[in-house]
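Report on one structure; see the data block that follows.
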Amino acid sequence: MSLDIRSWGVREIFNFLLITILALVPVYSWMSGNTFIITLVTRALVYAIAAMSLNLIMGYGGLVSFGHAMFLGIGGYAAGIMAFHGNTNGLLQFPLAFFVAGLFAMIIGALSLRTRGVYFIMITLAFAQMVYFAGVGLEAYGADDGMTLSRRSRLGPIDLADRNQLYLFCLAVLLFTVWMMGRIVNSRFGMVLRGAKSNETRMLALGFPVFRYRLAAFTMAGAWCGIAGALMANQAAFVSPAMMHWVQSGDLIVIVVMGGINSLFGPVYGALAFIIVEHQLSVWLKDTWQLVFGPMIVLLALFARNGLDDLFKLMGGRKDGRDG
Amino acid sequence: MSTLLIENTLHGIQLGLLIFLLAAGLTLVFGIMDMVNLAHGSLYMIGAYFAYTLIGMTGSFILGVFLAFFATLAFGIVLEKFVLSTLYQRDHLDQVLATFGLILFFNKMVQVIWGPAGLSIALPPWLAQKIEILPGVPYPLYRLSITLVSLAVAAGLWYLITQTRTGMLIRAGASNRKMVSALGVDIKWLFTLVFGLGAGLAGLAGVMYAPISTVFSGMGEEVLIQAFVVIVIGGIGSVRGAFIASLGLGLIDTLGRLFLVDLCKLVMSAAAASTVGPALASMLIYLIMAAVLVWRPTGLFGRS
């Protein structure tokens, strides 16, 4: 997002409004005494961070990974296991979540990226299932049932046990993620990644080692999703294998597509829309909300592939393909 | 011990054949239509639910099973005509998304229609007995019969694909869709046929396994993911690859669960082995998949 207001289109104005609204949520919550909204939006922020990391490989890299939630689980368990052993220092937990998830992503990526298309989708799903079973096998840490974190993380003066501090910390991580993804996507590295999506053969002919670029992107996406996992563990004060269930991976894909694949802010809109729709439908329809939500996803896939991006274009947003 | 081994080997073959019934349809759909169908496991589940209702309605186990098979086949064709056929020309992401939505819908739909609790189907007395397959080795007759039925279906599939004109078109479609279409074959009809066949096989698997497990929402998903592993190992579009990989994985998975705890005890303490063993056993097939990928990225029988 350029800081020069004169160059803003509809999309930039919306992004600006969105950030303003997100920043005002704690104020609203404090004034109205409604603490539920802050919990709900915190969840949306965490999903948005995870979805943005997926968007790097799926939106910009064209690699449909159906196992991204495994990195949520790995990051969550990294933080949760440290907390279990009494270390609640976030300055150690978050880097650990980042590195462990990144390491897994590097190994799984190196294997999965040997394949293309349908194979890649199935293999990422299969590896996620494997990590899921590994989580179920962690008997010391609650196995199937997961475990409750007795204490949330502390990062120096920031205490994530406080609802508002957790919210603001998630928002800060989110904004940093947007900025970082913007830098990555528009860098030479990002250009190669996007080039390989539209024409792999040409990029290879130009001499770019496409596999290595993709592996680097896959590793970064996994590592960053590990951070989201550690945040999710803090948000719920709970980790369980359900964090990396394949439905969770599917949800992340839905969020990315809902918000408009290929746009930096897309996953943020997608995550908010997802959480709000899920919440409202379950209020109205109790436990049968999937009966409406499932067909909504089918319709999204069939008729609104560019998600909210189409909406912005309809409203006169820019069509020059720049990411903002 | 040898009784246990024989019994588990048979269980393994049976599990392998079950996975094969799903994987065969899936691999053809992948190979010919280049389409990812995550909802294939839902057809397995719906077959089992149909069997529950139809066996109850007709009062006859055999008749109910037959009707459930055809009902699932019809259900699959309707699903293909109205939703999935619009996805063939789309990219994989759309297909993943749409079929993911379908899974959420079907999983809830069966709960609304049949209730949230798991259902069980009782076997008729003549099928519920055990017979001696080898002197001193009794084995449930029903499990033996589903193994034989699955083998017969596999043989029928082999005949259809390699010996008939329809099979020739299916193979041709898998290797070059556009060319088959250009030669005047109604490709849409071929797609519907292949999809219906796959749906019927998935339904049959669900119908046959319903009496020995429970019928519940989401029962198809674990088998579906195992079928994915089989397809990755066997190679997309290869029914032969799917068959070999299914049997191999069924055996490895079943025997792994039987022996891994003991094997782990050789290298670690008994307490550690009882934790690591089962976890490792459930991860085993994925580790094998990883190994095959390193060796042959397009699967054992896949085209490179």
Side-chain angles (χ1 to χ4, degrees), chain A residues 58-59 62-64 66 107-108 110-123 125-140 143 245-247 249-251 253-254 256-258 261 285 287-303 305, chain B residues 26 30-31 34-36 38 83 86-87 90-109 111-112 116 218 221-222 224-229 231-232 235-236 274-287 289-291 293-294 296-299 302:
Chain A
M58 199 173 84
L63 305 163
V64 182
F66 204 113
I107 297 167
I108 288 168
L111 290 166
S112 312
L113 288 168
R114 296 169 63 90
T115 64
R116 299 267 157 290
V118 182
Y119 273 112
F120 185 77
I121 298 170
M122 292 191 285
I123 284 162
L125 174 59
F127 277 125
Q129 189 77 353
M130 183 182 91
V131 176
Y132 173 82
F133 281 128
V136 171
L138 288 175
E139 271 176 29
H245 194 257
W246 65 270
V247 171
S249 296
D251 286 347
I253 295 182
V254 173
V256 171
V257 176
M258 250 187 181
I261 200 161
L285 301 166
D287 62 342
T288 56
W289 62 275
Q290 288 100 331
L291 278 187
V292 175
F293 198 59
M296 274 173 70
I297 297 174
V298 177
L299 293 177
L300 176 75
L302 290 180
F303 303 112
R305 239 311 290 286
Chain B
L26 265 180
F30 283 145
D34 192 28
M35 147 115 186
V36 198
L38 298 174
V83 186
T86 56
L87 289 168
R90 303 294 204 87
D91 65 27
H92 292 142
L93 181 59
D94 293 352
Q95 300 167 350
V96 164
L97 210 56
T99 53
F100 175 68
L102 286 177
I103 297 181
L104 296 185
F105 176 73
F106 288 138
N107 278 352
K108 199 44 85 174
M109 185 191 79
Q111 284 188 357
V112 170
E221 281 134 26
E222 201 182 328
L224 177 80
I225 295 174
Q226 285 170 338
F228 280 171
V229 172
I231 292 169
V232 168
I236 286 179
S274 66
T275 312
V276 174
L280 202 58
S282 51
M283 291 164 65
L284 197 58
I285 60 169
Y286 305 102
L287 295 173
M289 179 189 78
L293 269 180
V294 173
R296 291 189 70 129
T298 51

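So you know, we letter chains A, B, ... as the sequences are listed, proteins then strands, and number each from 1.
In this structure the side chain of B/K108 never reaches within 4.5 angstrom of the side chain of A/F293, judged on heavy atoms. Looking only at side-chain heavy atoms (C-beta outward), A/I261 and B/L93 come within less than 4.5 Å of each other. Looking at A/I253 and B/L97, their side chains come closer than 4.5 Å, going by heavy atoms from C-beta outward.
Neither the backbone nor the side chain of B/L280 comes within contact range of chain A; no heavy atom of the residue lies under 4.5 Å from a heavy atom of that chain. When heavy atoms are compared at a cutoff of 4.5 Å, B/L38 approaches chain A solely by way of its side chain, counted from C-beta outward. With a 4.5 angstrom heavy-atom cutoff, B/L284 does not touch chain A via any of its atoms. The part of A/I121 that comes within reach of chain B is its side chain, from C-beta onward, which places non-hydrogen atoms under 4.5 angstrom from that chain. Looking at A/Y132, there are no atoms closer than 4.5 Å to chain B (heavy atoms on both sides), in backbone or side chain. For a residue to count as touching a neighbouring chain, one of its non-hydrogen atoms must lie under 4.5 Å from one of that chain's; by this rule A/V292 does not touch chain B. Of the two parts of A/V118, the backbone and the side chain both hold a non-hydrogen atom closer than 4.5 Å to a non-hydrogen atom of chain B. Contacts between A/V254 and chain B at a heavy-atom distance below 4.5 Å involve backbone atoms as well as side-chain atoms. For B/V294, the parts lying under 4.5 angstrom from a heavy atom of chain A are both the backbone and the side chain. Neither the backbone nor the side chain of B/N107 has a heavy atom closer than 4.5 Å to any heavy atom of chain A. With a 4.5 angstrom heavy-atom cutoff, B/M289 touches chain A only via side-chain atoms. Using a 4.5 Å cut-off between heavy atoms, B/Q226 makes no contact with chain A at all. Contacts of A/L299 with chain B are absent, with no heavy-atom separation under 4.5 Å from either backbone or side chain.
Here CG of B/L224 is found 8.0 Å from CH2 of A/W246. Values are rounded to the nearest 0.5 Å. Atom NE2 of B/H92 is separated from atom CZ of A/F66 by 14.0 Å, given to the nearest 0.5 angstrom. Of the inter-residue distances, the one linking A/M122 atom CE with B/I236 atom CD1 reads 4.0 Å to the nearest 0.5 angstrom. Considering CD of A/Q290 and CZ of B/F105, their distance stands at 11.5 Å, rounded to 0.5 Å. How far CG of B/L104 is from CE of A/M296: 11.5 Å, rounded to the nearest 0.5 Å. The distance from atom CD of A/E139 to atom OG of B/S274, rounded to the nearest 0.5 Å, is 6.5 Å.
The two residues B/A290 and A/L111 make their nearest non-hydrogen contact at CB-CD1, 3.8 Å. Closest approach of B/G299 to A/Y119, counting heavy atoms only: N-OH, 4.3 Å.
When the options B/I225, B/V229, B/V36 are evaluated for a side-chain contact (heavy atoms from CB on, under 4.5 Å) with A/L125, the one that passes is B/I225.
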Next item on the list: Given side-chain contact (heavy atoms from CB on, under 4.5 Å), test B/D94 with A/L302 step by step and report yes or no.
Entry: CA-CA 7 Å; B/D94 293 352; A/L302 290 180; over 6 Å; no
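For the set A/L138, A/V247, A/L300, A/T115, the count of heavy-atom pairs under 4.5 angstrom toward chain B peaks at A/V247. Ranked by heavy-atom pairs under 4.5 Å with chain A, the list B/A279, B/P297, B/P278 is led by B/P297. Note on B/R90, B/Q111, B/E222: by heavy-atom pairs under 4.5 Å with chain A, the leading option is B/R90.
With hydrogens and angles ignored, the 3.5 Å screen pairs no side-chain donor or acceptor of B/Y286 with any backbone N or O of A/Q129. In this structure a side-chain-to-backbone donor-acceptor pair under 3.5 Å is missing from A/R114 to B/T298.
Every residue was checked against the salt bridge (Lys or Arg N to Asp or Glu O under 4.0 Å) condition with A/D287, not counting sequence neighbours, and none meets it.
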